2 protein chains.
Amino acid sequence: MSCAEEYTPQLRARGYRMTSQRLAILHVLHHSGKHLTPSQVYEKASRKLGGLTETTVYRTLEFLAENGLARPAHMGNGHFVYEIARHEHHHLKCRICGDEMEVKHALLEKLYRKLESASGYRLTDSHVTFFGLCPNCQKGE
Amino acid sequence: MSCAEEYTPQLRARGYRMTSQRLAILHVLHHSGKHLTPSQVYEKASRKLGGLTETTVYRTLEFLAENGLARPAHMGNGHFVYEIARHEHHHLKCRICGDEMEVKHALLEKLYRKLESASGYRLTDSHVTFFGLCPNCQKGE
DNA sequence: TATGTTATTGCAAAAAGTTGCAATAAGGAG
DNA sequence: CTCCTTATTGCAACTTTTTGCAATAACATA
């Protein structure tokens, strides 16, 4: 299934329009499969779609995140990176070498329930990044 | 105990210097007790210390965070806010009204142990922000 | 108390991200 | 297929954050 076929109905269903810009950006996220910074997205997407502006990239990434097609993640420097939305997961990142691994959401379920009953909040967010030292960097300490 | 008396030895112990800029910024964080953005810190601190630059504020906040005197927190918009380092805690923030509450670190201890044994990482970071809907905003849904 | 070392700051310029508004184009209706 | 509405984009100006480098000042030592 092409990106257009996959994502257009999702936008339409919410009353939004599919545009060449959104498609190009979704395409980049979809096929990269990794976290990308806005400027990485801009760089890749504008190769396919000349005339794309960085403003649009910023706005589109935020838009896609709000509508569940992309996930924003903090990667420790206070800035966002984005990835295509797949299964819910979190990240664990090494403070020293930057190595990064996925954490299944299931591991957090208990905590989420505990927080909800303690606070009365309903937790909505699917992305948390934890920081630590990876096994390798622990040796070098 | 004054800010100078409290924080100077902590910097010295690590081989760093106390400066009027660092003191002014620590003073602001210490007495505000809340999260502040870099520009809020700049605004308050430069009232006490004319000539302070924003560059220095950014650099100092990062420096203080690295050395455990301040804590950075993601507050959901991709930017950092800072607060003076007290006990370890986390935050739970409402996506709608922005209301914010503290989460005791003890609640995360089990999860941290679980993550460590599952990953081999040693978790170092003390700040995580969770997002959800506060009891009030859940009603209005 | 004066001196030397070097951590720290300020400045200027660049990079990254945001905002308002007029022009454009997606896509429903005729 | 054409027209109309309005969501979306691009532009330009602006705000926020980062970086390199020379000048400054903290403080250890004598």
Side-chain angles (χ1 to χ4, degrees), chain A residues 3-5 7-28 35-46 48-67 69-70 72-82, chain B residues 3-5 7-28 35-46 48-67 69-70 72-82:
Chain A
C3 284
E5 285 163 356
Y7 297 117
T8 305
Q10 300 192 48
L11 290 185
R12 291 275 176 79
R14 290 168 159 265
Y16 298 113
R17 298 172 182 176
M18 178 54 83
T19 64
S20 57
Q21 293 84 345
R22 286 178 181 169
L23 194 53
I25 290 167
L26 281 164
H27 190 89
V28 165
H35 286 135
L36 297 174
T37 63
S39 65
Q40 289 171 322
V41 171
Y42 170 72
E43 210 248 315
K44 288 172 193 289
S46 59
K48 288 273 174 186
L49 186 73
L52 181 66
T53 60
E54 299 200 76
T55 303
T56 297
V57 172
Y58 283 109
R59 277 196 288 226
T60 299
L61 289 172
E62 194 180 343
F63 167 85
L64 294 175
E66 275 167 3
N67 289 283
L69 302 198
H74 305 286
M75 290 315 299
N77 49 15
H79 296 178
F80 276 131
V81 291
Y82 292 85
Chain B
C3 284
E5 285 164 356
Y7 297 117
T8 305
Q10 300 192 48
L11 290 185
R12 292 275 177 79
R14 289 168 159 266
Y16 298 114
R17 299 170 182 176
M18 178 54 83
T19 64
S20 57
Q21 292 85 345
R22 286 179 180 169
L23 194 53
I25 290 168
L26 281 164
H27 190 88
V28 165
H35 287 134
L36 297 174
T37 64
S39 65
Q40 289 171 322
V41 172
Y42 170 72
E43 210 248 315
K44 288 172 193 289
S46 59
K48 288 273 174 184
L49 185 73
L52 180 67
T53 60
E54 299 200 78
T55 302
T56 298
V57 171
Y58 282 106
R59 276 196 289 226
T60 299
L61 289 172
E62 193 180 342
F63 167 85
L64 294 175
E66 274 168 4
N67 288 284
L69 302 198
H74 304 285
M75 290 316 298
N77 49 16
H79 295 178
F80 275 132
V81 291
Y82 292 86

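Being a predicted model, the structure only gives us computed values, none of them experimental. Throughout, a chain's letter reflects where its sequence line sits, starting with A, and its residues are numbered from 1.
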From the options dG17(C), dT5(C), dT8(D), select the nucleotide whose nearest atom is closest to the side chain of R17(B).
->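 The answer is dT5(C), which lies nearest to the side chain.
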
What is the ring orientation for H74(B) with H74(A), classed by angle as parallel under 30°, tilted 30 to 60°, or perpendicular over 60°?
->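 H74(B) vs H74(A) ring planes: parallel.
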
When you match N77(B) and T53(B) each to their closest nucleotide on DNA chain C, which lands nearer the 5' end?
->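 Upstream on the strand: T53(B).
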
Round to a whole Å and report the spacing from [atom1] of [X] to [atom2] of [N].
{"X": "M18(A)", "N": "dT9(D)", "atom1": "CE", "atom2": "P", "result": "10 Å"}
{"X": "E43(B)", "N": "dT16(D)", "atom1": "CD", "atom2": "P", "result": "12 Å"}
{"X": "E66(A)", "N": "dA7(D)", "atom1": "CD", "atom2": "P", "result": "15 Å"}
{"X": "E54(B)", "N": "dT8(C)", "atom1": "CD", "atom2": "C1'", "result": "18 Å"}
{"X": "Y16(A)", "N": "dT8(D)", "atom1": "OH", "atom2": "P", "result": "7 Å"}
{"X": "R12(A)", "N": "dG27(C)", "atom1": "CZ", "atom2": "C1'", "result": "7 Å"}
{"X": "L23(B)", "N": "dC27(D)", "atom1": "CG", "atom2": "P", "result": "11 Å"}
{"X": "L49(B)", "N": "dT9(C)", "atom1": "CG", "atom2": "P", "result": "10 Å"}

How do T19(A) and F80(B) order along DNA chain D: which one's closest nucleotide is nearer the 5' end?
->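 Comparing both residues, the 5'-ward one is T19(A).
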
Do the side-chain N or O atoms of H79(B) get closer than 4.0 angstrom to the phosphate oxygens (OP1, OP2) of dT16(D)?
->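 Checking dT16(D) against H79(B), no side-chain N or O comes under 4.0 Å of OP1 or OP2.
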
So does Q21(A) get a side-chain nitrogen or oxygen closer than 4.0 Å to the phosphate oxygens (OP1/OP2) of dG10(D)?
->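 Looking at the OP1 and OP2 atoms of dG10(D), one of them is under 4.0 Å from a side-chain N or O of Q21(A).
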
Atom [atom1] in [X], atom [atom2] in [Y]: separation rounded to 0.5 Å?
{"X": "Y58(A)", "Y": "Y82(A)", "atom1": "OH", "atom2": "OH", "result": "9.5 Å"}
{"X": "C3(A)", "Y": "L26(A)", "atom1": "SG", "atom2": "CG", "result": "6.5 Å"}
{"X": "L61(B)", "Y": "I25(B)", "atom1": "CG", "atom2": "CD1", "result": "5.5 Å"}
{"X": "Y42(A)", "Y": "T56(A)", "atom1": "OH", "atom2": "OG1", "result": "9.5 Å"}
{"X": "L69(B)", "Y": "T60(B)", "atom1": "CG", "atom2": "OG1", "result": "11.5 Å"}

Please work out if T55(B) contacts a base, only the sugar-phosphate, or nothing of the nucleic acid, heavy-atom cut-off 4.0 Å.
->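 Base, at least one base atom sits under 4.0 Å.
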
What is the nucleic acid contact for G51(B), judged by heavy atoms within less than 4.0 Å: base, sugar-phosphate only, or nothing?
->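 Contact class for G51(B): sugar-phosphate only.
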
Could you identify which residues of residues 56-65 of chain A place a heavy atom less than 4.0 Å from some atom of DNA chain D, listed by residue number, or say none?
->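 Within this stretch, T56(A), R59(A) sit under 4.0 Å of the strand.
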
Six-ring centre of Y7(A), R22(A) cation under 6.0 angstrom, axis tolerance 45° =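 Because its charged atom misses either the 6.0 Å distance or the 45° angle limit, R22(A) does not stack over Y7(A).
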
